[in-house]
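What follows is a short report on a single structure.
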Amino acid sequence: MPTFADVEAAARGLAGVAHRTPVVTSRTLDDTVGASVFLKCENLQRGGAFKFRGAYTALSRLSPGQRAAGVLAYSSGNHAQAVALAARELGTAATIVMPLDAPASKVAATRGYGAEVVTYDRYRVDREELAAGLAAERGLALIPPYDHPDVLAGQGTATMELIEEVGPLDALFVCLGGGGLLSGAILAARALSPGVRILGVEPEAGDDGLRSWRAGEIVHIDVPRTIADGAQTQHLGRYPFAIIREGVDEILTVPDAALVDGMRFMASRCKLIVEPTGCLALAGVLARRDELTGKRVGVIVSGGNVDLDRFAALVTGGVS
Ligand SMILES: *Cc1c(COP(=O)(O)O)cnc(C)c1O
């Protein structure tokens, strides 16, 4: 099981490679919540999301032989771009398995980082089988998006930087998909700000994390219908769950409409473009503001990869 020492080691490896993203504050937000709120802006990270931290950490730990052979990831989202970018940084070949109907901009960005994109029909082909087959056939190392000790240790560096910069927190809000970001945050926050209350935030339609935490075992669900595409996971990872089940204080859910409000707020007040999933944690803060009066509150803004047309449609039209 990874520990805070692994997060510290990941931070040393990422120095000078990942951006030390800014922490943004807003007077309006502080007044609205009645607290001091610190937004850690991973939407400004390389590749547009925190995922670069974990992907680079995992790739940098591969043996020279594995690095020479290359890596493989399956993702239609930010992990694909992160692995492609990390592979380019480390001089490794990346193969990314993406569905045929993945957004053209994401396929283009992944190819733009130099990765080979292999597409498949998501209604007819099981991607895990396809990926495992390709990896075995070509001798590639499979890099999972969250269920991996190096990946979650890398993600923990975002929280480590936040607390190093602003000091101890009373509460920390982190979005929750497969649990890599939240479990890494728990390792960092428990070490650097022991009294902090840590809250995971999920989309209402995808509450598998909450159900798993209550049940004490990983609960699987159907693909949730939500605009938070980065949190459309069907279950938590085993490594993340082992850390989350002991280390999180609460898991809450928020409706998609609250994510659109968050996108609008961060664009108009903070001049930040944030994707729907990136607004989960802020939406959690606003949902719990009555409990946060006078507190110091950290928020991980996880990513900013959203097509401008979709962004515009969401902030002008809302959730359809
Ligand atoms: C991947 C991702 C998440 C969810 O992270 P997990 O580690 O799977 O919980 C949240 N937000 C964004 C922007 C992401 O790319």
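Counting starts at 1 for both ligands and their atoms, following the listed order.
- In this structure, the side chain of S193 does not engage the main chain of A189 through any donor-acceptor pair within 3.5 Å.
- Taking the ring centre of Y74 as origin, the terminal cationic atom of R127 falls outside the region bounded by 6.0 Å and 45° from the ring axis.
- Of the polar atoms of T277, none of the N or O atoms is found under 3.5 Å from an N or O of ligand 1, judged by distance alone.
- Heavy atoms of other residues, nucleotides or ligands lying less than 6.0 angstrom from CG of D31 number more than 12.
- Among protein heavy atoms, atom 5 (O) of ligand 1 sits closest to F50 CZ, 3.4 Å.
- Atoms of ligand 1 lying under 4.0 Å from at least one heavy atom of C175, given by number and element, are 10 (C), 11 (N).
- In terms of protein heavy-atom proximity, atom 2 (C) of ligand 1 is closest to K51 NZ, 2.4 Å.
- Shown are E161, E164, E165; of these, the salt bridge (charged side-chain N to carboxylate O under 4.0 Å, His left out) with K40 is made only by E161.
- Ligand 1 has G179 within reach: a non-hydrogen atom of the residue lies less than 4.0 Å from it.
- Which parts of ligand 1 touch G180 is read off a 4.0 Å heavy-atom cut-off, strictly below it: atoms 6 (P), 7 (O), 9 (O).
- In this structure, R296 does not pair ionically with D170, as no charged nitrogen and carboxylate oxygen lie closer than 4.0 Å.
- Salt bridge status for R214 with D207: absent, with no side-chain N to carboxylate O gap under 4.0 Å.
- For the pair S302 and ligand 1, the shortest N or O to N or O distance falls below 3.5 Å.
- Residue, atom and distance of the protein heavy atom nearest to atom 8 (O) of ligand 1 are G178 N, 2.8 Å.
- P203 and L176 make their closest contact through CD-O, 4.4 Å (heavy atoms, listed as atom of the first residue, atom of the second, distance).
- Less than 4.0 angstrom separates some heavy atom of G303 from each of these atoms of ligand 1: 13 (C).
- Those atoms of ligand 1 that come under 4.0 Å of a heavy atom in N78, given as number and element, are 13 (C), 14 (C), 15 (O).
- Side-chain atoms of I221 and R211, non-hydrogen and from C-beta on, do get closer than 4.5 Å to each other.
- Between L181 and ligand 1, a contact under 3.5 Å exists for at least one N or O pair.
- When non-hydrogen atoms are compared, ligand 1 lies under 4.0 Å from the side chain of E275 (C-beta onward) but not from its backbone.
- Checked for salt-bridge contact, E42 and R53 meet the test: a charged N lies under 4.0 Å from a carboxylate O.
- Of all atoms in ligand 1, listed by their number and element, those nearer than 4.0 Å to a heavy atom of G230 are 1 (C), 2 (C), 3 (C), 4 (C).
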